[in-house]
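Keep in mind that what you see is a predicted model, and the values were worked out from it rather than measured. Indexing begins at 1, ligand by ligand and atom by atom, following the structure's order.
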Amino acid sequence: MNQNNLKPLDCHVHIVGNGSSGSGCWIRLRGAKRILARFMLANFGLPVASLKGDLDRLYVERLLHLVRTSSLGQTTILAHDNVYDESGNIIEGKGSFYVPNQYVLRLGREHPEFLPVVSIHPARKDALDELDRCLEGGAVMMKCLPNCHNINVNDPRLKPFWKKMADARLPLLAHTGGELSVPVVNKAYQDPRILTQALECGVTIIAAHSATSSGVFDPNYLPVLSQMLDRYPHLYADNSALCSPLRSKHLRTCLQEKLQARMVHGSDLPIPVSGVWLWLRGLIDYGTYRTLEKIPNVLERDYQLKKALGFSPESFTRLRGLLRTSYTVRKKS
Ligand SMILES: [Zn+2]
């Protein structure tokens, strides 16, 4: 067995680009989001000037370096689809960035460090065909943000899409709870109950950020998610972005046995990673905070912080058993 197969995995790492390499990626930043993007890039270890330069190449090279010099074996790389209305037409001007499926699938083939995660708005007129193309191309998971992509997962018209995903054993990483970095189109879709139909169809789902609140006035859906875990054994949660100022408030609950049993490790890179809120909330001591804050590799820092918090060893490798690759490998052997 490849040694990398035993190493920890990160289920939630974004790829961004500006199309400089012909990737088809784009970023559209307005107002405060522009400042946030610069802050994120600096935290990720890239100069702000790369936004207008060869961002595609620089981002991939930097991420490869971070994975190779960390304790992790592999990270996912997430595609990001356009925003569509329920009739399957693109809503122009709503999305803030785009990452094509074919780009992450190609990167996944080129670099064993990357696990390609595609993004398909299920209301797209070509959604089922795109799903076929992605499965063919080696997709290991699907990612979407129902509140930002405007996806009513419970729309009965989308049932064939979720059925097909379930049949293909393609899991879904779905954003849950509030969102600050990407424009929200439909706030009601941040409630994890929006995922019910896909769960009923048998899709394995990882609820990103454990449905916690990201803004001061955001509802916290963690209790709702916790109830859903009882009902759906194929529902999981990730701990991505939980080291942030507000989400860190919910870490104690996420560390309880019930949530731990379904927790999947994720960073949400390039979202900044710092242990300061964990120390201020009394979750780690000052010495640990100071030591881990000095780790220059953000991917590694996030991993070490999650370990110091007490997330179980299984949370770092659980993803392996959920991804479509493991199913494919099992089927072939
Ligand atoms: Zn994310």
Side-chain angles (χ1 to χ4, degrees), residues 9-17 25 27-29 33 36-37 39-41 43-44 59 62-63 66-67 72 74-83 94-101 103-104 107 114-121 140-151 171-185 187 189-190 192 194-195 205-215 218 221-222 225 236-248 250 254 263-274 298-299 301-303 305-306 319 322:
L9 302 174
D10 189 320
C11 79
H12 197 136
V13 174
H14 291 274
I15 276 274
V16 290
C25 297
I27 313 180
R28 199 162 34 216
L29 300 163
K33 298 269 189 297
L36 186 65
F39 183 54
M40 282 188 204
L41 269 190
N43 168 75
F44 187 70
Y59 194 98
R62 178 73 187 152
L63 185 54
L66 293 177
V67 183
L72 303 174
Q74 289 171 298
T75 69
T76 56
I77 45 168
L78 311 180
H80 189 84
D81 205 356
N82 282 303
V83 180
K94 282 286 183 196
S96 61
F97 75 110
Y98 174 69
V99 181
N101 293 328
Y103 181 50
V104 297
L107 290 174
F114 292 156
L115 296 160
V117 176
V118 295
S119 179
I120 307 167
H121 194 300
V140 298
M141 187 157 67
M142 208 279 263
K143 163 81 197 285
C144 67
L145 295 83
N147 54 338
C148 302
H149 280 126
N150 189 39
I151 303 172
L172 173 67
L173 175 64
H175 177 95
T176 49
E179 169 64 37
L180 291 177
S181 325
V182 181
V184 172
V185 178
K187 211 167 160 37
Y189 299 167
Q190 65 189 13
I194 197 70
L195 303 171
I205 298 185
I206 302 173
H209 322 301
S210 298
T212 55
S213 48
S214 69
D218 268 347
Y221 295 98
L222 186 50
L225 180 69
Y236 296 81
D238 88 14
N239 56 16
S240 67
L242 288 190
C243 297
S244 57
L246 292 164
R247 290 194 199 276
S248 55
H250 308 291
C254 291
M263 196 55 73
V264 181
H265 171 68
S267 62
D268 206 4
L269 226 66
I271 298 286
V273 177
S274 167
V298 279
L299 209 53
R301 194 189 310 147
D302 184 75
Y303 165 69
L305 282 167
K306 300 284 172 52
L319 179 69
L322 308 182

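- Taking the six-membered ring for Trp, H80 and F97 have ring centres closer than 6.0 Å.
- For the atom pair SG of C11 and CG of L322, the computed distance is 9.0 Å after rounding to the nearest 0.5 Å.
- Legend: residues meeting salt bridge (Lys or Arg N to Asp or Glu O under 4.0 Å) with D10, ordered by chain and number and at least two apart, are absent.
- Electrostatic pairing of D218 and R247 does not count as a salt bridge here, judged by no charged N lying under 4.0 Å from a carboxylate O.
- Within the protein, the N, O or S atoms sitting under 2.8 Å from the Zn ion (ligand 1) are H12 NE2, H14 NE2, D268 OD1.
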Given H265 and H12, is the ring-ring contact (aromatic ring centres under 6.0 Å, His included) satisfied, shown in steps? CA-CA 8 Å; H265 171 68; H12 197 136; over 10 Å; no
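- Listed for the N147 side chain is no donor-acceptor partner under 3.5 Å among the backbone atoms of Y189.
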